[in-house]
Amino acid sequence: MEAREYLEFALPQDKLIERSTPKSGHLLYQILTPEGEITSVGDPKIPSEDLLVAYRSIVLTRVIDEKMIALQRQGRIGTYVSCSGQEASQVGSVMGLSKNDWIFPMYRDLGMAVQAGVPVTTLMNRMFANGKDELLGRDLPNLLGWRKYKIVSFAAPIAAHVPLATGFAMAAKIKKDNLVTLSTFGDGATSSAEFHVAMNFAGVYKAPTIFVCENNQYAISVPVRMQTASENIAIKAEAYGFEGIRVDGNDLFAVYTAVRHAAEKARKGEGPTLVECYTYRLSAHSTADDWKKYRSAEEVELWRKRDPIQRLKLYLVRNRKILTEESDAKLRMELESTVNSAIMESEKVPPPDLDTMFEGVYTEMPWHLKEQLEDLKKDVKL
Ligand SMILES: Cc1ncc(C[n+]2csc(CCOP(=O)(O)OP(=O)(O)O)c2C)c(N)n1
């Protein structure tokens with residue numbers, strides 16, 4: 001993808017809902033340019049208060065992300081998956097939803113949890129997998145789930161959660177609950193059977209669900225061109241009989257507008273939408289790989305110039321005049337200090353009690369596991 005191609009694709013508003021034809025359509029829908037200017041699509045005129053909340057979420061996500069990588073390097077938390085560069089896709093997706101809606105995020109979606117209102121301390125308890133972690137210290141730090149925030153935790157097999165989001169939406173439709181579900185997944189996940197099963201089912205039964213593909217262009221080291229012979233991800237929706245929209249995933253406004261449109265449609269009984277957020281992960285796949293083995297420094301540098309934070313900041317400072325260099329610096333300092341305090345607090349909390357290991361798994365725990373647990377308790381001192 002060349003820079004020219006990336007910057008040119010701004011569609012008029014009406015094109016957002018126009019079903020495009022293969023080869024001619026699925027251009028990249030962009031509202032906010034990397035320079036912080038509004039394209040010919042027009043300003044979605046998001047209220048200032050909501051914009052500042054979203055900006056805070058995006059910056060907070062980046063602050064947490066950078067600190068988590070440092071903590072992992074110091075051996076203080078487990079393997080960590082970075083979301084740097086993808087914050088607008090995540091925060092914009094949550095912004096497009098309503099309070100009743102449920103989120104089925106993938107492992108890279110810290111920004112979704114932040115925008116959904118999960119407190120920093122709760123997030124840190126998860127990252128440290130400590131005794132206050134509501135997921136009882138199970139799983140990798142990145143697997144995020146809290147019933148209270150309507151976030152369903154992710155299971156390690158790629159895309160396994162996508163049919164769950166579809167099924168949840170279908171159940172809601174049958175029960176006449178007024179809600180929409182949204183699942184996120186990477187470009188690599190679109191090669192999985194689960195993705196296609198979910199898309200087909202949702203299309204046939206018009207499930208009120210939104211599929212958000214965070215196309216960060218790599219599945220670990222596999223580039224997206226090796227992942228699919230389709231010209232893009234959004235186009236796959238056509239085969240299943242519903243709309244696919246391709247947006248600039250580093251543009252909060254484009255993502256928000258597309259998801260809000262998809263949610264409104266789903267609520268009216270008009271079925272699912274696939275939103276492809278074309279984005280880039282600025283970091284490695286996880287703290288367990290080295291991106292220099294499969295990407296050039298020039299490519300990463302090009303995408304740093306398209307940073308989702310910078311363009312939103314420029315817009316807020318120049319266009320809306322609701323942020324200044326000073327208030328931005330103050331915000332960043334405040335967020336750094338919030339995260340540092342939460343880290344200090346969570347790191348002090350001891351690990352979960354061994355008795356919690358089988359909690360929520362069995363109604364009646366089998367005898368052999370009871371025995372093993374007792375043996376373990378004799379051997380391990382936490
Ligand atoms: C079924 C399955 N196959 C392989 C893996 C190993 N794996 C973990 S992450 C990953 C890459 C997924 O890439 P993508 O869906 O593009 O998401 P991204 O990590 O780029 O955000 C793979 C292959 C897995 N977890 N599950």
Side-chain angles (χ1 to χ4, degrees), residues 1 61-62 64-65 68-69 72 78-94 103-114 138-145 151-166 182-199 210-230 232-237 244 246-250 255 274-295 299-300 303 306 308:
M1 173 62 71
T61 304
R62 181 72 60 94
I64 298 177
D65 201 70
M68 292 307 104
I69 293 173
Q72 191 280 338
T79 305
Y80 179 77
V81 181
S82 166
C83 65
S84 275
Q86 298 182 213
E87 297 93 341
S89 296
Q90 302 171 4
V91 172
S93 290
V94 175
I103 308 166
F104 290 67
M106 67 181 295
Y107 45 77
R108 204 180 291 288
D109 281 328
L110 175 67
M112 296 190 92
V114 171
R138 295 170 190 173
D139 261 327
L140 292 171
N142 287 89
L143 305 188
L144 308 173
I151 301 176
V152 179
S153 182
F154 181 87
I158 296 295
H161 65 303
V162 184
L164 303 187
T166 304
L182 180 146
S183 56
T184 51
F185 44 87
D187 38 297
T190 64
S191 298
S192 75
E194 286 80 358
F195 166 76
H196 294 280
V197 166
M199 294 275 286
I210 306 166
F211 301 99
V212 175
C213 177
E214 292 179 45
N215 176 4
N216 63 15
Q217 306 177 57
Y218 288 88
I220 313 184
S221 58
V222 179
V224 67
R225 66 174 182 280
M226 303 285 290
Q227 197 68 247
T228 178
S230 305
N232 56 55
I233 305 290
I235 202 171
K236 292 175 189 283
R246 189 159 193 256
V247 303
D248 177 347
N250 287 8
V255 177
L274 169 63
V275 179
E276 174 188 356
C277 298
Y278 183 68
T279 180
Y280 196 79
R281 74 170 146 75
L282 292 171
S283 198
H285 168 76
S286 73
T287 47
D289 78 311
D290 175 5
W291 63 258
K292 294 184 195 74
K293 301 260 189 250
Y294 53 86
R295 308 192 300 195
E299 182 182 296
V300 178
W303 281 90
R306 298 169 178 171

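Index from 1, following the sequence. Heavy atoms only: backbone and side chains are in, while hydrogens, waters and symmetry mates are out. All ligand and atom numbering here is 1-based and tracks the order in the structure. These numbers were taken from a predicted model, which means no experiment stands behind them.
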Identify the closest protein heavy atom to atom 20 (O) of ligand 1: which residue and atom is it, and at what distance?
Y218 O, 2.7 Å
Any protein heavy atom under 4.0 Å from atom 6 (C) of ligand 1?
no
Mind checking whether Q227 contacts ligand 1 via backbone (N, CA, C, O), side chain (CB onward), both or neither, at a 4.0 Å heavy-atom cut-off?
neither
I'd like to check L144 versus D109 (side-chain heavy atoms, cut-off strictly below 4.5 Å). Are they in contact?
no
What atoms in ligand 1 come closer than 4.0 Å to a heavy atom of M106?
17 (O), 18 (P), 21 (O)
Below 3.5 angstrom, do we get any N/O pair linking N216 and ligand 1?
yes
Are the side chains of I220 and D289 in touch, meaning some heavy atoms are under 4.5 Å apart?
yes
Pairwise side-chain contact, F154 with D139, heavy-atom cut-off 4.5 Å (strictly under):
no
At less than 4.0 angstrom from any non-hydrogen atom of P157, what atoms of ligand 1 do you find?
26 (N)
Heavy-atom closest pair, residues S93 and S89
OG-O, 2.7 Å
Find out whether N215 and V224 are in side-chain contact, i.e. whether some heavy atom of one side chain is under 4.5 Å from a heavy atom of the other.
yes
Quick check on side-chain contact (heavy atoms from CB on, under 4.5 Å): which of Q227, R281, M226, H285 does Y218 satisfy it with?
R281
For ligand 1, find out whether one of its N or O atoms is nearer than 3.5 Å to an N or O atom of D187.
yes
With a 4.5 Å heavy-atom cut-off, do N216 and R108 have their side chains touching?
yes
Do the non-hydrogen side-chain atoms of M112 and T184 ever get within less than 4.5 Å of each other?
yes
Specify the protein heavy atom at minimum distance from atom 21 (O) of ligand 1: its residue, its atom name, and the distance to 0.1 Å.
R108 NE, 2.8 Å
Please state which protein non-hydrogen atom is closest to atom 9 (S) of ligand 1 and give its distance, to 0.1 Å?
Y107 OH, 3.1 Å
Atoms of ligand 1 less than 4.0 Å from G186 heavy atoms?
14 (P), 15 (O), 16 (O), 17 (O)
To the nearest 0.1 Å, how far is atom 15 (O) of ligand 1 from its closest protein heavy atom, and which atom is that?
A189 N, 2.9 Å
Test log, rule side-chain contact (heavy atoms from CB on, under 4.5 Å), inputs R295 and Y280:
CA-CA 12 Å; R295 308 192 300 195; Y280 196 79; 3.2 Å; yes
Which residue supplies the protein heavy atom nearest to atom 4 (C) of ligand 1, what is that atom called, and how far is it?
I158 CG1, 4.3 Å
Just need the protein heavy atom nearest to atom 25 (N) of ligand 1, so name the residue and atom and give the distance.
A156 O, 3.0 Å
Just need the protein heavy atom nearest to atom 23 (C) of ligand 1, so name the residue and atom and give the distance.
I220 CD1, 4.1 Å
What protein heavy atom is closest to atom 16 (O) of ligand 1, reported as residue, atom name and distance in Å?
G188 N, 2.7 Å
Any heavy-atom pair between the side chains of Q217 and Y278 that's under 4.5 Å?
yes
